[in-house]
There are 2 protein chains.
Amino acid sequence: MSAFPSFAVTVDLVVLTVRDDALCVLVVERGEAPYAGRRALPGGFVHPGEDLEQAARRELAEETGLADGTVHLEQLRSYGAPDRDPRTRVVSVAHLALAPDLPTPQAGTDAAAAAWVPVDSLGPGDLAFDHDEVLRDGVERARAKLEYSPLATAFCPPEFTVGELRRVYEIVWGAALDPRNFHRKATATPGFLEATGERTNRQGGRPAELFRRGPATALLPPLSRPGRSEPAGGTSAST
Amino acid sequence: MSAFPSFAVTVDLVVLTVRDDALCVLVVERGEAPYAGRRALPGGFVHPGEDLEQAARRELAEETGLADGTVHLEQLRSYGAPDRDPRTRVVSVAHLALAPDLPTPQAGTDAAAAAWVPVDSLGPGDLAFDHDEVLRDGVERARAKLEYSPLATAFCPPEFTVGELRRVYEIVWGAALDPRNFHRKATATPGFLEATGERTNRQGGRPAELFRRGPATALLPPLSRPGRSEPAGGTSAST
DNA sequence: ATAATAGTGTCTCTTAGACAATATTTC
DNA sequence: GAAATATTGTCTAAGAGACACTATTAT
């Protein structure tokens, strides 16, 4: 045995932001075959000398122009069905990126057109390759991580109010949260929020205090997503 | 641009079991370079027509002889540092497998010797490649998942007692749990445990009721791992 | 009897969620 | 003034953890 089976390795990006009261994902329109003209998640081949995360950051910069420091990036999972790309055998290492709603117009070097699309507007079959599944996994990861990590702040500008943070939660989870309970919990969770001292800022009523994200890497106790328990009584007998 | 950069893709396995009051991982002794004679996680190259999970299951069978149905298998994450394998550029898709303590002697087809080793006995540098990191990530995933998923049952035989299940939690978490509170919570969590009706089985005192795993895929509410909150008052100073 | 494990009940303290009340702004 | 958002406080119900107590086996 001299040679190893040869694969191509790509990174695909699920880039999420909160925009116009909707959770949006960055999609590009493919210029080349396969799936030319179809929408897809941004991504590309990993270069020979490049780490997986480096490749993801490079693609992120190329396709979105998003500055490095403002975006949260983590590996999601890998997809390697033998027929997922008709060109050759490809294993894709998907990454999840969370960005604030920047005024950045998407300058695509690689892609014909990049656009923010509400995730709810995308149905099965709307994205090329197996990107429907990748997107679904990425959104679910983001929803889950808001519970026990301070990641919701990645959707916010450097300084933000509790109300803005709550709106992020409501939009990502698709559920209304009580503003008063949320305020108490968010500010009480150690390391989650750091007061800036400033308070002006308006989106309607009384000025709110401005916070920046604190040093915590986990939320203890977690914020709980509504509607995840069963209506009291029937898990046993059913099926 | 005609060709894509060429990579080799492997699957590596973090196979965990609970054995002799310790959380153990399956390691093999490498017969070939690189790292010949060193211990490593089992794994191997993905075949050209093979899905990632198929490859993981194949390696699991080859290296451990573990029957397919008895083992929980899930993808962990991928590792792709450019220099992680001196032979060629390799991306490894690590998988996590949880197995009950089978009386199976490890029949290694591929590996010189396979052995169960307590994870606590392995320090940095004891495993080849970047397998220290892979193992650490796998153990942490397992510990975390016991909280909110019924995965602890994957460490148990098909029928087990609440006490056996509790011992799994205690060993994996490395913390003592109150038997009475654990019993109440485990049996009250909907879909977690299914009574078999049988009750004999002895490991000392009064016979215990036998259960099998229920249909639940998540534990609501979760079982909470002790010692994860700060001692009331100081998050700032601590590390 | 003692030792060991299994299982139930009870108590207290904390937390989640509902929601009243107040504060500070714009219109 | 009304309307909107921010922030604090209070109440209640549910869950976590401590732990007394009973049950059933082996020795």
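In the text below, chain A, chain B and the rest are named by the order of the sequence lines, each starting its count at 1.
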Note: for B/Gly163 and A/Gly204 on DNA chain C, the residue whose nearest nucleotide lies more 5' is B/Gly163
Proximal nucleotide (of C/dG9, C/dG17, D/dT7) relative to the B/Arg180 side chain: C/dG9
Applying a 4.0 Å non-hydrogen cut-off, can you work out what B/Pro179 is touching in the nucleic acid: base, sugar-phosphate, or nothing? nothing
Could you tell me the separation between the CD atom of A/Glu209 and the C1' atom of D/dT7, rounded to a whole number of Å? 10 Å
Report yes if a side-chain nitrogen or oxygen of B/Arg225 is closer than 4.0 Å to either non-bridging phosphate oxygen (OP1 or OP2) of D/dG17; otherwise report no. no
Measure the shortest side-chain to side-chain distance between B/Val93 and B/Arg77 over non-hydrogen atoms and say whether it is less than 4.5 angstrom. no
Measure CZ/A/Arg206 against P/D/dT5 and give the value in whole Å, please. 14 Å
Can you tell me the distance, in whole Å, between the CG atom of A/Leu220 and the P atom of C/dT14? 17 Å
Just to confirm, is there a sub-4.0 Å distance from OP1 or OP2 of C/dT15 to any side-chain nitrogen or oxygen of A/Ser224? no
Whole Å only: how far is the CG atom of B/Asp178 from the P atom of D/dG15? 18 Å
Between CG of B/Leu193 and P of C/dG7 the distance, given in whole Å, is 11 Å
The side chain of B/Lys185 is closest to which nucleotide in this list: D/dA16, D/dT24, C/dG17? D/dA16
Return the 5'-most residue of the pair A/Arg202, B/Arg184 with respect to DNA chain C, ranking by each residue's nearest nucleotide. B/Arg184
Return the value, rounded to whole Å, for the distance between atom OH of B/Tyr169 and atom P of D/dG17. 13 Å
Taking the nucleotide of DNA chain D with the closest heavy atom to each, which residue, B/Pro222 or A/Arg166, is nearer the 5' end? A/Arg166
Examine distances only and state if a side-chain atom of A/Thr17 and a backbone atom of A/Arg19 form a donor-acceptor pair shorter than 3.5 Å. no
For atom CG of B/Leu165 and atom P of C/dA6, their distance in whole Å: 11 Å
From C-beta outward on B/Asn181, which listed nucleotide comes closest to its side chain: D/dT7, D/dG9, D/dC19? D/dC19
How long is the line joining CZ of A/Arg199 and P of C/dT24, in whole Å? 9 Å
So that I can tick it off, tell me whether A/Glu170 and A/Arg225 are bridged by a salt bridge, with the cut-off set at under 4.0 angstrom between side-chain N and carboxylate O. no
Please determine whether a side-chain nitrogen or oxygen atom of B/His183 lies at a distance below 4.0 Å from atom OP1 or OP2 of C/dG7. yes
A/Phe182 vs A/Tyr169, ring-ring contact (aromatic ring centres under 6.0 Å, His included): CA-CA, chis, key distance, verdict: CA-CA 10 Å; A/Phe182 183 88; A/Tyr169 273 92; 5.4 Å; yes
B/Asp12 versus B/Tyr79, side-chain donor and acceptor atoms under 3.5 Å: no
